[in-house]
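Notes follow the structure.
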Number of protein chains: 2
Amino acid sequence: MNKEKSFHSKCHKSKSCAKYETCPMFLFHKLVSGKWKLLILWYLSDGCLRFSELKKKLPDVTQKMLTNQLRSLENDRLINRKVYAVIPPKVEYSLSEMGEKMLPLLEEMYKYGIDYLKESDNT
Amino acid sequence: MNKEKSFHSKCHKSKSCAKYETCPMFLFHKLVSGKWKLLILWYLSDGCLRFSELKKKLPDVTQKMLTNQLRSLENDRLINRKVYAVIPPKVEYSLSEMGEKMLPLLEEMYKYGIDYLKESDNT
DNA sequence: CCGGATCCACAGAGATACTG
DNA sequence: CAGTATCTCTGTGGATCCGG
């Protein structure tokens, strides 16, 4: 997964980002471009959710994929994973501090969606 | 690709979005969650680029994938595709009106990336 | 020559069953 | 309940071919 090979002599435009790994936009892209990550973050923006609750909200995502995406988000420190040692098992996911910083961005994405729908209607 | 099957009784929280297809966040997610779409939009934010220029800026993306992503973005009317009937062929891609509306959002993503890098350094 | 279509091989995603 | 394990199959990468 980690391709540390490729360097972008000009990551983009004239802004400062000499290398692949250190370009902010590539980084952001890497963080959220997982197949379901944006939606997971969005659903967690209201507060912590159990695995099964998240699964219910994302019926198109397979259990395996959901686990993968959550692990990835956890590794990138965008969400927290809290395991309760009870039976039946209970695992809660919530936005981390870095994850919460993405909240305004998520709101803007939501607004863009509204705008897009409006434009589509006019067509 | 088009799964029009699944409905989300509660797309998210209490905001208004009864169905899968009409939830703004799902829509936004669908628009940009392609494997390379965000970066393509980002690179096009400076102005139109030829296919080969885009390819140069995204060395990790295969030609086929780049074509796919561009087609998808074009179908979603986020970018324009202009073909010049010359030899050798020349195809230019640029942000559409809807694509340009995403510019502030892209800038915010970039800023988030900077912030994320800063936080990582402190760790 | 450039944009992209086609063919094949393989990693990754879907579906289902199983476990602590 | 929250995952793993296994199998299958789609989608992606890589190379090649093509039309303008």
Side-chain angles (χ1 to χ4, degrees), chain A residues 1-6 8 20 26 29-40 43-44 47-76 79-95, chain B residues 1-8 20 26 29-40 43-44 47-76 79-94:
Chain A
M1 189 62 82
N2 276 322
K3 316 187 183 184
E4 314 239 336
K5 54 173 185 182
S6 54
H8 297 235
Y20 187 93
F26 270 91
H29 178 257
K30 191 175 83 61
L31 292 176
V32 305
S33 70
K35 207 170 177 184
W36 300 102
K37 292 185 181 178
L38 270 183
L39 290 173
I40 292 172
Y43 281 132
L44 290 179
C48 66
L49 286 176
R50 299 184 58 167
F51 184 87
S52 52
E53 294 172 318
L54 220 36
K55 180 73 191 66
K56 243 172 276 176
K57 289 173 179 288
L58 294 162
D60 287 339
V61 189
T62 60
Q63 203 166 1
K64 184 172 64 169
M65 246 336 249
L66 184 53
T67 304
N68 286 348
Q69 301 285 290
L70 287 168
R71 287 285 184 285
S72 177
L73 288 169
E74 190 193 0
N75 287 335
D76 291 334
I79 65 172
N80 298 315
R81 181 169 182 267
K82 186 169 185 182
V83 184
Y84 295 84
V86 295
I87 293 175
K90 178 175 171 180
V91 182
E92 280 183 349
Y93 294 91
S94 59
L95 292 184
Chain B
M1 188 63 82
N2 276 320
K3 315 188 180 182
E4 313 239 335
K5 54 173 186 183
S6 53
F7 282 52
H8 297 233
Y20 188 95
F26 270 91
H29 178 258
K30 191 175 84 60
L31 291 176
V32 305
S33 70
K35 206 169 175 184
W36 300 102
K37 292 185 182 179
L38 271 183
L39 290 174
I40 293 172
Y43 281 132
L44 289 179
C48 65
L49 287 176
R50 299 186 57 168
F51 183 88
S52 51
E53 294 172 318
L54 220 36
K55 179 75 190 65
K56 243 172 276 176
K57 289 173 179 287
L58 294 161
D60 287 339
V61 188
T62 59
Q63 197 169 6
K64 186 172 59 171
M65 239 348 240
L66 184 53
T67 304
N68 287 348
Q69 302 284 290
L70 288 167
R71 287 286 183 282
S72 177
L73 287 169
E74 191 193 0
N75 288 334
D76 291 334
I79 65 172
N80 298 316
R81 179 168 182 268
K82 186 169 184 180
V83 183
Y84 294 85
V86 296
I87 295 175
K90 177 177 173 180
V91 182
E92 280 184 348
Y93 294 92
S94 59

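Any value given below was found using the heavy atoms of this structure, including those in side chains, with hydrogens, waters and symmetry copies removed. Sequence lines set the chain letters: A, B, ... in the order given, protein chains first and strands last, and positions in each chain run from 1.
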(request) Consider the side chain of A/K35, meaning its heavy atoms from C-beta on, and name the nucleotide among C/dA13, C/dG3, D/dG3 that approaches it most closely. (result) C/dA13
(request) Could you state the atom-to-atom distance from CD of A/Q63 to C1' of C/dA13 in whole Å? (result) 14 Å
(request) Using a 4.5 Å cut-off on heavy atoms from C-beta on, say whether the side chain of B/N68 contacts that of B/R71. (result) no
(request) Return the value, rounded to whole Å, for the distance between atom NZ of B/K82 and atom P of C/dG3. (result) 15 Å
(request) Report yes if a side-chain nitrogen or oxygen of A/R71 is closer than 4.0 Å to either non-bridging phosphate oxygen (OP1 or OP2) of D/dG3; otherwise report no. (result) yes
(message) If you define the side chain from C-beta out and look only at heavy atoms, does anything of A/L38 sit under 4.5 Å from A/W36?
(response) no
(message) For a quick check under 3.5 Å, do B/S72 and B/K37 share a side-chain donor-acceptor pair by atom type?
(response) yes
(request) Measure from the side-chain N and O atoms of B/Q69 to the backbone N and O of B/K35, and report whether any donor-acceptor pair falls under 3.5 Å. (result) yes
(request) Could you please name the option among D/dT12, C/dG3, D/dG3 that lies closest to any side-chain atom of B/K64? (result) D/dT12
(message) Could you tell me how far apart B/K55 (NZ) and C/dC2 (P) are, to the nearest whole angstrom?
(response) 13 Å
(request) Output the distance between atom OH (B/Y93) and atom CZ (B/R50), rounded to the nearest 0.5 Å. (result) 11.0 Å
(request) Side chain of A/M65 only, please: which of D/dG13, C/dA13, D/dG20 is the nearest? (result) C/dA13
(request) Please report, rounded to the nearest Å, how far the C1' atom of C/dG3 is from the CD atom of B/E74. (result) 13 Å
(request) For A/E53 and D/dC1, give me the distance from atom CD to atom P, rounded to whole Å. (result) 11 Å
(request) Output the single nucleotide from C/dG14, D/dG3, D/dC1 whose closest atom is nearest the side chain of A/T62. (result) C/dG14
(message) Output the rounded distance in Å from CG (B/D60) to P (D/dG14).
(response) 9 Å
(request) Could you tell me whether the phosphate oxygens of C/dC2, OP1 or OP2, come under 4.0 Å of any side-chain nitrogen or oxygen in B/R50? (result) no
(message) What is the distance, to the nearest angstrom, from the CD atom on A/Q69 to the C1' atom on D/dA2?
(response) 17 Å
(message) D/dG3, OP1 or OP2 - any side-chain N/O from A/Y93 closer than 4.0 Å?
(response) yes
(request) Whole angstrom is fine here: how far is it from CG in B/N68 over to P in D/dT10? (result) 17 Å
(request) Establish, with yes or no, whether the OP1 or OP2 oxygen of D/dA2 is under 4.0 angstrom from a side-chain nitrogen or oxygen of A/S52. (result) yes
(request) Using a 4.0 Å heavy-atom cut-off across all strands, classify A/P88 as base, sugar-phosphate, or nothing. (result) sugar-phosphate
